[in-house]
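We count ligands from 1, going down the list as the structure has it; atoms in each ligand are counted the same way. Side chains are part of it too, since the values below use all heavy atoms of this structure and drop only hydrogens, waters and symmetry mates.
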Amino acid sequence: MKIAVVGAGAMGSLFGGLLAERGHEVALIDVHAAHLEAIQSKGLRLHTDQGDRHIHNLTACLPAQAQEQPDLVLVFTKTLHTGAALTGVAHLFGPETHVLSLQNGLGNVEVIQTHVAAERILIGVTTWPADLVGPGHVHSHGQGMIRLMSADGQTSPMVARTVQALDDAGLACAADAEVWAAIWEKVAFNAALNSICAVSQCTVDQLGQGDGQALAFAVVDEALAVAQAEGIHADVEACKAKVASAIAHHRGHKPSMLQDVLAGRPTEIEAINGAIVAHAQDHSIPVPCTRTLLQLVRLVQARGAASPPAA
Ligand code: NAD
């Protein structure tokens, strides 16, 4: 397949690198100049459980420099940059181009739909982890998976082709008709752990002290009550078990939202807690913990934007 990864940071580089290793024609498209230059001069350095290597059979460029019309656009910006990123590569979209989003949060389909028709959007969720440790250099350790489906709920040859490509690349991918349940469970998990850590500056394991876990469970209850009101069969107990396991085992882990706050960067709070609150309003469901955490993260973010990033 010809694959353009739009937003080739930690996750985009990991996925693009693994797909290139399986022989797909991959273009990494990003606005991070130092990252692009490092890949252009030395290849993409990928350190996974399969080893530490440089991948050379891919290209890396700015959006305006990309020429090749891809079969698949894999969008992996942070959610707040999706619209701008797709506008930057609008010249690449042909009548058969599909777009896949495995980004966190809700609202991704709605943004992508302003660029391509719903039947050409694939949506899903992934639990693979990745970190950009420096320009051109990505780490990913541990196990993950991908679940995806066409945004219009129909199976299609492109769903099967994409699942096959990602699975062959070692990314444990399956098509899943219940993908919205998996997406909402991840949103609930992130709404709980990301926002509480961002506000309290606790690492995930530190939520095991005091009322951290009880607050996290309250957010999961609120978020998944909204999902159920929308007819999505999200599993509350399974989600709470994942939250409890993360608190018990993820020692010293700073979720991305805490890392963003510490670096003075905007966070994905609007696509996570913000989206839950918006959906809750549609169903008149009270979500006081989720809403309060949304308001607190907005405050912390506004303060961060007004002061230089923390060292
Ligand atoms: P990241 O910040 O490492 O990468 C995002 C990239 O998008 C950056 O390289 C940035 O330069 C690029 N970008 C921003 N604006 C752009 C534009 N206009 N055009 C092209 N590129 C642009 O983020 P990440 O950690 O890879 O996360 C990406 C998404 O995946 C997020 O939604 C995140 O929540 C989700 N996710 C991340 C992980 C993880 O472990 N990192 C795991 C699961 C899901």
Worksheet item: With a 4.0 Å heavy-atom cut-off (strictly under), which part of Leu132 contacts ligand 1: side chain, backbone, both or neither?
Response: neither
Discussion item. Going by the rule salt bridge (charged side-chain N to carboxylate O under 4.0 Å, His left out), which residues pair with Lys2 if we only count those two or more places apart in sequence or in a different chain?
Written reply: Glu68
Worksheet item: What are the two closest heavy atoms between Cys173 and Val163, and how far apart are they?
Response: O-CG1, 3.6 Å
Item to complete: Give the minimum heavy-atom separation between Val220 and Ala188, together with the two atoms involved.
Response: CG2-O, 4.1 Å
Worksheet item: What protein heavy atom sits nearest atom 16 (C) of ligand 1, and how far off is it?
Response: Val31 CG2, 3.7 Å
Worksheet item: If you look at every heavy atom in Val236 and Gln228, which pair is closest and at what distance?
Response: CG2-NE2, 3.8 Å
Discussion item. What I want to know is whether Met11 and ligand 1 share at least one N or O pair that is separated by under 3.5 angstrom.
Written reply: yes
Discussion item. Can you confirm whether or not the ring centre of His141 sits under 6.0 Å from the ring centre of His47?
Written reply: yes
Worksheet, complete the sentence: Looking only at protein heavy atoms, what sits closest to atom 28 (C) of ligand 1 is Phe76 O, 3.3 Å
Discussion item. Could you check whether atom CD of Gln164 has more than 12 heavy atoms from other residues, nucleotides or ligands sitting under 6.0 Å from it?
Written reply: no
Practice prompt. Can you see which heavy atom on Trp128 is nearest to which on Gly170, and at what distance?
Written response: CZ2-O, 3.5 Å
Item to complete: Grab the two heavy atoms, one from Asn194 and one from Pro255, that are nearest each other, plus how far apart they are.
Response: OD1-CB, 3.4 Å
Worksheet item: Rounded to the nearest 0.5 Å, how far apart are CD1 of Ile146 and CG of Leu171?
Response: 4.5 Å
Worksheet entry | For atom 7 (O) of ligand 1, the protein heavy atom that lies nearest, with its residue and separation | Gly7 CA, 3.4 Å
Worksheet entry | Nitrogen or oxygen of Glu268 less than 3.5 angstrom from that of ligand 1 | yes
Fill in: Ala84 N/O under 3.5 Å from ligand 1 N/O
no
Item to complete: Output the distance between atom OG1 (Thr48) and atom CG (Leu46), rounded to the nearest 0.5 Å.
Response: 5.5 Å
Worksheet entry | Distance filter under 4.0 Å to Pro129 heavy atoms, resulting ligand 1 atoms | 40 (O)
Worksheet item: For ligand 1, which atoms have a heavy atom of Ala85 less than 4.0 angstrom away?
Response: 17 (C), 18 (N), 19 (N)
Worksheet item: Can a non-hydrogen atom of Ser256 be found less than 4.0 Å from any atom of ligand 1?
Response: no
Worksheet item: Is Asp30 near ligand 1, meaning one of its heavy atoms is under 4.0 Å from it?
Response: yes
Practice prompt. Looking only at non-hydrogen atoms, find the nearest pair between Ile55 and Gly17 and report the distance.
Written response: CD1-O, 3.6 Å
Worksheet item: Applying a strict 4.0 Å limit to heavy atoms, is Lys186 in contact with ligand 1?
Response: yes
Worksheet item: Which residue and non-hydrogen atom of the protein lie closest to atom 14 (C) of ligand 1, and at what distance in Å?
Response: His81 ND1, 3.8 Å
Item to complete: Write out the residue and atom name of the closest protein heavy atom to atom 42 (C) of ligand 1, then the distance separating them to 0.1 Å.
Response: Trp128 O, 3.3 Å
Worksheet item: At what distance is the nearest protein heavy atom to atom 4 (O) of ligand 1, and which residue and atom is it?
Response: Gly9 CA, 3.3 Å
Practice prompt. Say whether Ala130, considering both its backbone and side-chain N or O atoms, lies within less than 3.5 Å of an N or O atom on ligand 1.
Written response: yes
Response to the item:
When distances are taken from atom 35 (C) of ligand 1, the protein heavy atom at minimum range is Asn104 ND2, 3.7 Å
Practice prompt. Would you mind listing which atoms of ligand 1 come within a distance below 4.0 Å of any non-hydrogen atom of Gln103?
Written response: 32 (O)
Worksheet entry | Closest protein heavy atom (residue, atom, distance) for atom 25 (O) of ligand 1 | Ala10 CB, 3.9 Å
Response to the item:
Distance col, row Leu293:CG vs Met257:CE, nearest 0.5 angstrom, shows 9.5 Å
